[in-house]
Amino acid sequence: MIQYYKKDKERGSGGEWILIERLDKILAGTGRWSRREAGELVRAGRVEVAGAVARRPEEKYEREGLDLRVDGEQVCGERYVYLMLHKPAGLLSATEDPRQPTVLDLLPEHLRRVGLFPVGRLDKDTEGLLLLTNDGPLGHRLLAPARHVDKVYFVRAAGRLDEEDAAAFRAGMMLGDGLRCLPAELKLLPEPDAGLVTLREGKYHQVKRMLAARGKPVLYLKRLSMGPLELDPELVTGGWRPLTEEERKRLKELE
């Protein structure tokens with residue numbers, strides 16, 4: 001059973017409502033063990049909470065910030081998982097597909113069982129920053145059209161990018177297929193066929209369609225940032241890591 005309590009109620013203040021859950025449920029929520037296996041681990045004395053050996057699977061704890069270890073190895077028992085992925089070309093930004101590999105195939109099995117989904121899809125042949133999480137409300141806020149979360153892409157085109165292209169992006173574009181694009185930024189780089197595109201929306205194949213309308217099809221596209229989240233330059237293509245506390249804080253400030 002899920003329970004809540006007021007974090008500061010012992011001091012008589014209104015406090016904040018905090019979720020507490022059974023230890024076996026917290027362990028099962030990591031995707032590593034079933035509820036039964038988690039209970040067996042606890043009863044065998046293999047689980048420590050805050051440095052002390054846990055004895056009963058039904059003990060209740062707050063997930064956030066919980067110091068949880070199994071056989072001495074630290075385990076993240078927090079309710080929500082936030083991962084930065086450096087997406088390679090050739091994978092679908094989807095949770096599953098019967099015919100083609102997806103970005104979730106890059107993760108270990110236990111992380112594929114905790115309900116992760118990509119926030120803001122990248123085309124199959126596009127590389128770069130992809131946020132994976134099971135925090136549905138956060139994903140909704142980042143993708144809500146009214147929020148206009150900036151997304152920055154490095155682009156290489158088949159043709160020289162120039163000031164006329166940049167001016168067309170700034171003015172907003174109406175494409176031949178009827179797509180109306182909000183004003184965007186195209187920053188020209190020293191390489192004549194390269195630029196940085198900043199979008200405030202995320203319509204289907206938008207960068208590709210805008211540059212195709214300028215007669216300069218995209219040859220290579222890579223997302224570098226999304227809102228306050230920037231692709232870690234140390235993250236190899238196909239690599240992933242949990243978000244840092246600072247990165248998580250900046251994302252939550254978008255609320």
Query raised in the report: Testing Lys151, His148, Gln206 for side-chain hydrogen bond (donor to acceptor under 3.5 Å, both in side chains) with Glu201, which one passes?
Result: Gln206
Query raised in the report: Taking atom types as modelled and ignoring hydrogens, do the side chains of Glu247 and Tyr82 form a donor-acceptor contact shorter than 3.5 angstrom?
Result: no
Report task. Would you mind checking if Asp123 and Lys208 are paired as a salt bridge, meaning a charged N to carboxylate O distance below 4.0 Å? Result -> yes
Report task. Give a yes or no on this: more than 12 heavy atoms of other residues, nucleotides or ligands lie within 6.0 Å of atom CD of Glu230. Result -> no
Query raised in the report: Taking a hydrophobic cluster as the set of Ile, Leu, Val, Met, Phe, Trp and Tyr residues connected by side-chain heavy atoms closer than 4.5 Å, whether directly or through intermediates, do Leu138 and Leu104 fall within one such cluster?
Result: no
Query raised in the report: Under a 4.0 Å N-O cut-off, is there an ion pair linking Asp135 with Arg141?
Result: no
Requested in this report: For side-chain contact (heavy atoms from CB on, under 4.5 Å), just list the numbers for Leu231 and Lys222, CA-CA rounded to whole Å, side-chain angles, deciding distance to a tenth of an Å, and then say yes or no.
Outcome: CA-CA 10 Å; Leu231 181 63; Lys222 179 177 183 177; 3.7 Å; yes
Report task. Run the numbers on Arg69 and Glu73 for salt bridge (charged side-chain N to carboxylate O under 4.0 Å, His left out), then give the verdict. Result -> CA-CA 5 Å; Arg69 297 174 187 271; Glu73 177 187 352; over 6 Å; no
Query raised in the report: Any side-chain heavy atom of Leu131 sitting closer than 4.5 Å to one from Leu229?
Result: yes
Query raised in the report: Nearest heavy-atom pair of Ala213 and Met173: which atoms, and what distance?
Result: CB-CE, 4.0 Å
**Report entry** Gln74 and Asp67, any side-chain heavy atoms less than 4.5 Å apart
**Finding:** yes
Report task. Could you tell me the separation between the NE2 atom of His86 and the CG atom of Leu129, rounded to the nearest 0.5 Å? Result -> 9.0 Å
Query raised in the report: Side chains of Tyr61 and Glu59: is there a donor and an acceptor less than 3.5 Å apart?
Result: yes
**Report entry** salt_bridge(Lys249, Glu245) N-O dist < 4.0 Å
**Finding:** no
Report task. Provide the closest heavy-atom pair for Ala54 versus Val49 in the form atom of the first, atom of the second, distance. Result -> CB-CG2, 4.3 Å
Requested in this report: Without swapping roles, check the side chain of Asp150 against the backbone of Arg200 for a donor-acceptor pair under 3.5 Å.
Outcome: no
Query - Sub-4.5 Å side-chain heavy-atom contact between Pro118 and Thr95 - result: yes
**Report entry** Atom pair CZ (Arg56) and CZ (Arg43), whose distance is rounded to the nearest 0.5 Å
**Finding:** 12.0 Å
Report summary line: Here the gap from Arg35 atom CZ to Glu37 atom CD, rounded to the nearest 0.5 Å, amounts to 13.0 Å
Requested in this report: Please answer: with hydrophobic residues joined when any side-chain heavy atoms are less than 4.5 Å apart, are Leu122 and Val103 in the same cluster?
Outcome: yes
Report task. Looking only at non-hydrogen atoms, find the nearest pair between Val114 and Asn134 and report the distance. Result -> O-ND2, 3.1 Å
Query raised in the report: With a 4.5 Å heavy-atom cut-off, do Phe117 and Thr133 have their side chains touching?
Result: yes
Query raised in the report: Of the non-hydrogen atoms in Leu142 and Val149, which two are nearest, and what is the gap between them?
Result: O-CG2, 3.5 Å
Query raised in the report: Any donor and acceptor pair, going by atom type alone, linking the side chain of Lys87 with main-chain N or O of Leu91 inside 3.5 Å?
Result: yes
Query raised in the report: Would you call Asp24 and Arg22 a salt bridge, using N to O less than 4.0 angstrom?
Result: yes
Query raised in the report: Taking it one step at a time, do Arg55 and Val42 satisfy side-chain contact (heavy atoms from CB on, under 4.5 Å)?
Result: CA-CA 6 Å; Arg55 297 299 181 188; Val42 175; 5.8 Å; no
Query raised in the report: Any link between Leu116 and Trp33 through a network of hydrophobic side chains (Ile, Leu, Val, Met, Phe, Trp, Tyr) touching at under 4.5 Å?
Result: no
**Report entry** Spacing of CZ belonging to Arg113 relative to CZ belonging to Arg32, to within rounding of 0.5 Å
**Finding:** 9.5 Å
Query raised in the report: Within a radius of less than 6.0 Å around NE2 of His205, do more than 12 heavy atoms belonging to other residues, nucleotides or ligands occur?
Result: yes
Requested in this report: Look up atom CG in Leu23 and atom CG in Leu41, then write down how far apart they are to the nearest 0.5 Å.
Outcome: 9.5 Å
Query raised in the report: Just by distance, do the side chain of Arg170 and the backbone of Ala184 share a donor-acceptor pair under 3.5 Å?
Result: no
Report task. Check for a donor-acceptor pair, side chain of Arg209 on one end and backbone N or O of Tyr204 on the other, with a separation under 3.5 Å. Result -> yes
**Report entry** Spacing of CG belonging to Leu27 relative to CD belonging to Glu21, to within rounding of 0.5 Å
**Finding:** 11.5 Å
For residues 185-199, run the donor-acceptor check on the side chains, cut-off 3.5 Å, and write out each pair with its distance to 0.1 Å, sequence neighbours left out.
residue, atom, partner, partner atom, Å
Glu191, OE1, Arg156, NH1, 3.2
Glu191, OE1, Arg156, NH2, 3.4
Asp193, OD1, Arg156, NH1, 3.0

Requested in this report: Identify the two heavy atoms, one from Arg223 and one from Arg121, that lie closest to each other, and give their separation to 0.1 Å.
Outcome: NH1-O, 4.5 Å
Query raised in the report: Do Leu66 and Ile26 come within less than 4.5 Å of each other through their side chains, counting heavy atoms only?
Result: yes
Query - hydrophobic_cluster_shared for Val152 and Val207, side chain cutoff 4.5 Å - result: no
Report task. Inspect the surroundings of CD in Glu246 and state if more than 12 heavy atoms from other residues, nucleotides or ligands are less than 6.0 Å away. Result -> yes
Query raised in the report: So does Arg241 have more than 12 non-hydrogen atoms from other groups sitting under 6.0 Å from CZ?
Result: yes
Report task. Answer yes or no: is there a side-chain heavy-atom contact under 4.5 Å between Met84 and Leu235? Result -> yes
Report task. For the residue pair Thr126 and Val218, establish whether any side-chain heavy-atom pair is separated by less than 4.5 Å. Result -> no
Requested in this report: For residues Pro108 and Trp240, report the shortest heavy-atom separation together with the two atoms involved.
Outcome: CD-CZ2, 3.4 Å
Report task. Would you check, one step at a time, whether the test side-chain contact (heavy atoms from CB on, under 4.5 Å) holds for Lys203 with Cys181? Result -> CA-CA 8 Å; Lys203 294 177 179 174; Cys181 301; 5.6 Å; no
Report task. Kindly work out whether a path of hydrophobic side-chain contacts (I/L/V/M/F/W/Y, heavy atoms less than 4.5 Å apart) joins Leu83 to Leu243. Result -> no
Query - Flag side-chain contact, heavy atom, 4.5 Å: Pro88 against Leu106 - result: yes
